[in-house]
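Remember, predicted model here, so these are calculated numbers, not experimental data.
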Amino acid sequence: YAVWLVLWVTWNVFVICFYLEAGDLSKETDLILTFNISMHRSWWMENGPGCTVTSVTPAPDWAPEDHRYITVSGCFLEYQYIEVAHSSLQIFLALAGFIYACYVVKCITEEEDSFDFIGGFDSYGYQGPQKTSHLQLQPMYMSK
């Protein structure tokens, strides 16, 4: 879980830096997120709150055939800020999950064991099964 958490937080920090264009990162380059295989477009670009999508016809010659060429207008919040908020929420949830996992591990490791490995069972803990026999054992006396 800890390894996955590090990878997940690292990815979300990268996404935040990508959409805020920190350093040399630019959201206009397709190479980073898609390895230049396809055209990158955020889902929030078209489906954000208040966004109106209008198809542009005819599509420009440079537009790939498998993507439609659109214009987006009227958004209440730009898509890159929604992506940043989404990644920030993912980081917060991951860190909260890590804290909870540490708490669970602490609770499990602090459980008191009632078994005494040297002397057997403790008197305050487990009591062994009682004999079900009806015979009562009597002390045996030996003469000298």
Side-chain angles (χ1 to χ4, degrees), residues 1-140:
Y1 181 74
V3 171
W4 173 250
L5 177 77
V6 168
L7 293 173
W8 189 243
V9 169
T10 302
W11 172 255
N12 281 293
V13 167
F14 168 75
V15 169
I16 290 171
C17 293
F18 177 76
Y19 280 107
L20 293 180
E21 296 185 340
D24 291 334
L25 295 174
S26 173
K27 60 182 176 283
E28 302 302 323
T29 58
D30 295 332
L31 179 63
I32 294 174
L33 291 180
T34 63
F35 304 108
N36 213 18
I37 295 173
S38 66
M39 190 173 154
H40 169 260
R41 186 181 312 179
S42 171
W43 184 85
W44 288 109
M45 180 184 281
E46 298 178 33
N47 300 299
C51 292
T52 304
V53 178
T54 307
S55 294
V56 175
T57 51
D61 295 335
W62 55 266
E65 292 180 20
D66 60 339
H67 286 79
R68 59 190 183 135
Y69 191 67
I70 61 168
T71 60
V72 180
S73 60
C75 297
F76 297 130
L77 192 62
E78 293 185 37
Y79 72 94
Q80 62 264 22
Y81 299 122
I82 297 173
E83 291 282 357
V84 168
H86 184 255
S87 291
S88 300
L89 177 65
Q90 292 295 320
I91 290 171
F92 174 76
L93 291 175
L95 294 178
F98 181 74
I99 291 169
Y100 184 69
C102 289
Y103 172 74
V104 168
V105 168
K106 179 181 174 264
C107 288
I108 289 173
T109 57
E110 284 186 354
E111 274 189 14
E112 187 176 328
D113 291 335
S114 61
F115 185 76
D116 180 12
F117 290 98
I118 296 174
F121 292 102
D122 293 330
S123 60
Y124 61 87
Y126 175 80
Q127 295 193 2
Q130 302 297 322
K131 288 190 173 190
T132 57
S133 173
H134 295 291
L135 296 175
Q136 186 175 9
L137 296 176
Q138 299 293 329
M140 187 172 174

Determine whether more than 12 heavy atoms belonging to other residues, nucleotides or ligands lie under 6.0 Å from atom CZ of Phe76. no

Find the distance between CH2 (Trp43) and OH (Tyr79) and round it off to the nearest 0.5 Å. 15.0 Å

What residue pairs, at least two apart or across chains, pass side-chain hydrogen bond (donor to acceptor under 3.5 Å, both in side chains) with a residue in residues 92-105? none

Strictly by salt bridge (charged side-chain N to carboxylate O under 4.0 Å, His left out), give each pair with a member in residues 76-86 just once, sequence neighbours left out. none

Minimum heavy-atom separation for Ala94 to Tyr1, with atom names? O-OH, 3.9 Å

Of all pairs that satisfy side-chain hydrogen bond (donor to acceptor under 3.5 Å, both in side chains), the ones with a partner from residues 87-99, not counting sequence neighbours: Trp8-Gln90, Asn12-Ser87

After noting the C-alpha distance and the side-chain angles of Ile91 and Ile16, does the key distance pass the side-chain contact (heavy atoms from CB on, under 4.5 Å) rule? CA-CA 10 Å; Ile91 290 171; Ile16 290 171; 3.9 Å; yes

Once rounded to the nearest 0.5 Å, what's the spacing between atom NE2 of His86 and atom CH2 of Trp44? 7.0 Å

Any chance you could measure Tyr81, atom OH, to Leu20, atom CG, to the nearest 0.5 Å? 7.0 Å

Could you give the distance from CD1 (Ile82) to SG (Cys51), rounded to the nearest 0.5 Å? 6.5 Å

For Trp11 together with Phe14, are the ring centres under 6.0 Å from each other? yes

